[in-house]
Amino acid sequence: MTARNLFLLPGDGIGPEAMGEVRKIIAYMNEAMNAGFVTDEGLVGGCAYDAHGAAISEADMRKALAADAVLFGAVGGPKWDSVPYEVRPEAGLLRLRKDLQLFANLRPAICYPALAAASSLKPELVEGLDILIIRELTGGVYFGEPKEIIDLGNGQKRGIDTQVYDTYEIERIAGVAFEMARTRQNRVCSMEKRNVMKSGVLWNQVVTETHKAKYSDVQLEHMLADAGGMQLVRQPKQFDVIVTDNLFGDLLSDCAAMLTGSLGMLPSASLGAADARGRRKAMYEPVHGSAPDIAGQGVANPIACLMSFAMLLRYSFDLGAEAGRLERAIAAVLEQGYRTADIAQPGDAKVSTSGMGDAILEQLDRSLA
Ligand code: NAD
């Protein structure tokens, strides 16, 4: 069997603690399922700065580019607040996204029934929620030129950002959304602001044409992004896959994230273009940061990192059944009442990071028996 090459970048703060629980699952899958994962590890963020004076070394960048998939923990912390801007911890993350050309950001928002009470919405609105937000990650207003503040010379300044999208950028993100929808409930909702933005008019046209040309089996709906935001908090379960641009995706995915309760539960994937063999460059990471307030205490919730690994199984290695088994093990453990501090209600008994990881591993093992 060909080796499955993983490059692990645990990073700073709680990153290494959460990654430790993923390592246990990888070792288990190699042993019990002959999964053939070969892992290498590198440094990113503050720890890379301490070791190399850069947020990621060139050698580790080469390893990330060569791997079948990268799993990233978290970066940052007060220790590195005053390092030069170009080598700040987040620069490592941005460099990885840029050099791997990861244009599609996938953020699932899943609400486990056992945690429905932790959401800010009524439990019946979010219980069983399973939506996927696909955000364009490398274009739009965050990157468009001109991007500047100019002095108008009359005591006034002007801040300028440019929202710009070309046809190919919209086509490829729409393609990812339609393909993902086919593995789920086969429905895509595209969100833009075609009523006030030319880039929104083009977005709408290109998504419609891409759908007609290659994906007419998928159900497509268009929604204005502001109305989409309202619908997300009014009736989130109406959606399956949402595809949107960089700016709207940033806002809408954070909004959807909070429907599920805790930052410690949210995974993400960032994918690049498919090569001739259909393989995509890919990086998987929890949405949360390095959580310096709890780092080193062994209390972080490892579920976001474990669910990111489940996404890796599904999207980089076509191991959907194994991903599903891991996700069901997580759901079962939550159902049994295991809670790290971030998802505990007053009076609940709390487990440590490794206590949660071990319970999930045991459940996974039971499901195979
Ligand atoms: P954060 O996500 O690190 O933490 C926010 C809050 O959520 C904290 O109270 C933290 O304890 C809690 N939390 C986060 N993840 C948790 C988990 N798995 N289990 C339990 N509780 C969890 O965000 P922040 O505090 O704004 O940022 C801290 C550092 O992380 C900063 O240096 C920031 O720049 C960096 N950051 C990095 C990333 C990344 O690496 N992708 C993302 C966001 C922030």
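Both ligands and their constituent atoms are indexed starting at 1 by order of listing. Keep in mind that the numbers below use all heavy atoms, side chains included, and drop hydrogens, waters and symmetry copies.
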Query raised in the report: If you count the non-hydrogen atoms of other residues, nucleotides and ligands that lie under 6.0 Å from CD1 in I149, is the total more than 12?
Result: no

Query - For E285, the ligand 1 atoms whose distance to one of its heavy atoms is below 4.0 Å - result: 41 (N)

Query raised in the report: Is the closest heavy-atom distance from A304 to ligand 1 below 4.0 Å?
Result: no

Query raised in the report: Relative to atom 9 (O) of ligand 1, which among N301, D293, T353 owns the nearest non-hydrogen atom?
Result: D293

Query raised in the report: Can you check ring pair (Phe, Tyr, Trp, His ring centres under 6.0 Å) on Y165 and W203, steps first, answer last?
Result: CA-CA 8 Å; Y165 271 110; W203 182 282; 5.4 Å; yes

Report summary line: For I294, the ligand 1 atoms with a heavy-atom partner under 4.0 Å come out as 11 (O), 20 (C), 21 (N)

Query - Side chain to side chain, N301 and H288, heavy atoms closer than 4.5 Å - result: no

Query raised in the report: By number and element, which atoms of ligand 1 are closer than 4.0 Å to a non-hydrogen atom of F72?
Result: 40 (O)

Query raised in the report: Closest non-hydrogen protein atom to atom 14 (C) of ligand 1, residue and atom name please, with distance?
Result: H288 CB, 3.7 Å

Query raised in the report: Which ligand 1 atoms are under 4.0 Å away from a heavy-atom of L93?
Result: 41 (N)

Requested in this report: Check for a donor-acceptor pair, side chain of N30 on one end and backbone N or O of G36 on the other, with a separation under 3.5 Å.
Outcome: yes

Requested in this report: Do me a favour and list the nearest non-hydrogen protein atom to atom 37 (C) of ligand 1 with residue, atom name and distance?
Outcome: V75 O, 3.1 Å

Query raised in the report: Are E58 and R95 close enough for a salt bridge, meaning some N to O gap below 4.0 Å?
Result: yes

Query raised in the report: Taking both backbone and side-chain atoms of A291, is any N or O found less than 3.5 Å from an N or O belonging to ligand 1?
Result: yes

**Report entry** G76-ligand 1 polar pair, N/O distance under 3.5 Å
**Finding:** no

Report task. Compute the ring centroids of Y284 and Y315, then answer whether they are less than 6.0 Å apart. Result -> no

Query raised in the report: Do the charged groups of E124 and K122 touch, with an N to O distance under 4.0 Å?
Result: no

Query raised in the report: Crowded around E31 CD? As in, over 12 foreign heavy atoms under 6.0 Å?
Result: no

Query - Residue L263 vicinity, atoms of ligand 1 by number, heavy atom under 4.0 Å - result: 2 (O), 5 (C), 7 (O)

Requested in this report: May I ask you to list the atoms of ligand 1 that are less than 4.0 angstrom from any heavy atom of G264?
Outcome: 17 (C), 18 (N)

Query raised in the report: Do any N or O atoms from the side chain of S268 and from the backbone of V287 form a donor-acceptor pair under 3.5 angstrom?
Result: no

Query raised in the report: Using a distance-only test with no angle check, is there a side-chain donor-acceptor pair under 3.5 angstrom linking T138 and E136?
Result: yes

**Report entry** ligand 1 versus P292: contacting region, heavy-atom distance under 4.0 Å
**Finding:** side chain

Report summary line: protein heavy-atom neighbour closest to atom 43 (C) of ligand 1 works out as G289 CA, 3.6 Å

**Report entry** Donor on one side chain, acceptor on other, D240 and Q219, under 3.5 Å
**Finding:** no

Query raised in the report: Which residue owns the protein heavy atom closest to atom 34 (O) of ligand 1, what's the atom, and how far is it?
Result: E90 OE2, 2.5 Å

Requested in this report: Take atom 27 (O) of ligand 1 and look for protein heavy atoms under 4.0 Å from it; say yes if you find one, no if not.
Outcome: no

**Report entry** W80 near ligand 1 by a heavy-atom separation under 4.0 Å
**Finding:** no

**Report entry** 4.0 Å protein heavy-atom contact status of atom 21 (N) of ligand 1, strictly under
**Finding:** yes

Query - Under 3.5 Å donor-acceptor, R280 side chain and G272 backbone - result: yes

Query raised in the report: Short list, please: which atoms of ligand 1 are under 4.0 Å from a heavy atom of A300?
Result: 19 (N)

Query raised in the report: Quick one: nearest non-hydrogen protein atom to atom 32 (O) of ligand 1, plus distance?
Result: G77 N, 3.1 Å

Report summary line: When distances are taken from atom 29 (C) of ligand 1, the protein heavy atom at minimum range is S290 OG, 3.2 Å

**Report entry** Heavy-atom neighbours of K147 NZ exceed 12 at 6.0 Å
**Finding:** yes

Query - Location of contacts on V299 toward ligand 1, heavy atoms closer than 4.0 Å - result: neither

Report summary line: The atoms of ligand 1 lying under 4.0 Å from a heavy atom of I14, numbered in the order shown, are 15 (N), 16 (C), 17 (C), 18 (N)

Report task. Evaluate the ring planes of F178 and Y215, with Trp represented by its six-membered ring, and classify them as parallel (under 30°), tilted (30 to 60°) or perpendicular (over 60°). Result -> parallel

